[in-house]
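Just so it is clear: chains get the letters A, B, ... in the order the sequence lines come, proteins before strands, and each one is counted from 1. No hydrogens, no waters, no symmetry mates; every other heavy atom, side chains included, goes into these values.
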Amino acid sequence: MQIATWNVNSIRTRLDQVKDWLLAHPQVELLAVQETKVTDADFPTQPLQALGYHVYSWGQKSYNGVAFISKRELTAVKRGFTSILPCPPHWDEQKRVIAGFLDDILIVNLYCPNGSAIGSDKYTYKLQWFQVLREYLQELQKEQERIILCGDFNVALTDLDIHDPTGRESKIMASDAERSVLQSILDLGFVDILRQFHPEPGQYTWWDYRSGAFRRNWGWRIDYHFVSLPLVPRVQDVWIDPAPRRLPQPSDHTPVILCC
DNA sequence: ATGGCAGCTGGAAGCTGA
């Protein structure tokens with residue numbers, strides 16, 4: 001089965017593209033979307049149900065928001081950190097986390113903070129948010145060993161994941177502190193699985209809207225599937241589909257698909 | 001160094017994203 005992740009940058013603006021992509025990829029059992037930018041009440045659930053999908057959303061007005069679009073019902077869907085982890089409730093004011101079971105696999109769909117600029121309050125929030133995520137995952141690991149993390153992590157793990165890493169230390173998404181905290185997530189026992197299949201450069205999932213970045217292939221890889229160690233042998237392939245990024249009025253991200 | 005592009009809100013221009 002295929003499990004995909006895609007930061008759609010507004011589900012309402014991108015609804016037709018999402019529907020077309022799902023129809024063109026019937027093998028995709030579950031699509032995890034991020035940056036839906038809409039409350040659950042206003043999520044376009046009905047048009048997706050009409051295509052035969054189940055929808056599980058966790059959103060807010062204007063910003064953030066995550067959702068699962070699934071061919072089959074998910075079980076034990078949990079929204080936010082506090083559904084799992086006893087942490088201060090303000091960590092769930094921004095809707096960035098939803099998790100649920102597909103068969104015996106726990107899928108965790110994440111929209112990690114951007115960070116704005118190094119040294120900013122948002123950057124501090126980003127680093128702290130990853131620490132909370134780490135505690136949340138440790139809590140999940142007490143009950144479950146088959147876990148797939150997917151989504152927009154807003155961090156490029158290595159220089160291979162950036163078209164031009166020059167000066168990356170002074171920019172968000174590739175600073176040492178961001179890489180370090182994301183590596184600490186992987187060190188819990190997860191594998192950046194795309195690299196098992198594509199160790200070569202040029203594997204990008206996001207291109208800036210500005211400066212003709214996509215045309216010039218000035219990309220970054222910031223969207224991932226992180227697979228827990230016991231699941232690694234079950235993964236058959238992982239790849240990036242650049243096609244939606246070529247469409248008129250695209251998201252600035254493009255889907256990543258895992259087949260297991 | 002800065003802006004560039006896009007979406008959302010509210011009904012203009014500012015915030016946020018990455």
Can you check the [X] [atom1] to [N] [atom2] distance for me, whole Å?
X      : N      : atom1 : atom2 : result
A:Y63  : B:dG14 : OH    : C1'   : 9 Å
A:D252 : B:dC5  : CG    : P     : 14 Å
A:R210 : B:dG7  : CZ    : C1'   : 13 Å
A:Y209 : B:dG3  : OH    : C1'   : 18 Å
A:K37  : B:dA6  : NZ    : P     : 12 Å
A:N64  : B:dT16 : CG    : P     : 11 Å
A:D208 : B:dG7  : CG    : P     : 13 Å
A:Q60  : B:dT16 : CD    : P     : 12 Å

Heavy-atom neighbours of [X] [atom1] exceed 12 at 6.0 Å:
X      : atom1 : result
A:D187 : CG    : yes
A:E143 : CD    : no
A:Q27  : CD    : yes

Between [N] and [X], is there an OP1 or OP2 to side-chain N/O distance shorter than 4.0 Å?
X      : N      : value
A:K122 : B:dT16 : yes
A:R14  : B:dG7  : yes
A:T13  : B:dC8  : yes

What is the nucleic acid contact for [X], judged by heavy atoms within less than 4.0 Å: base, sugar-phosphate only, or nothing?
X      : value
A:D223 : nothing
A:S10  : sugar-phosphate
A:Y111 : sugar-phosphate
A:N7   : sugar-phosphate
A:K61  : sugar-phosphate

5' precedence on DNA chain B between A:S211 and A:M173 (nearest-nucleotide basis): A:S211
Dump the intermediate steps for ring-ring contact (aromatic ring centres under 6.0 Å, His included) on A:Y111 and A:W58, then the final yes or no. CA-CA 11 Å; A:Y111 175 52; A:W58 176 233; over 10 Å; no
Quote, to the nearest angstrom, the [atom1] distance that separates [N] from [M].
N      : M      : atom1 : answer
B:dG10 : B:dT16 : P     : 14 Å
B:dT2  : B:dA13 : P     : 24 Å
B:dA1  : B:dA12 : P     : 36 Å

Under a 4.5 Å cut-off applied to non-hydrogen side-chain atoms, are A:F153 and A:I222 in contact? no
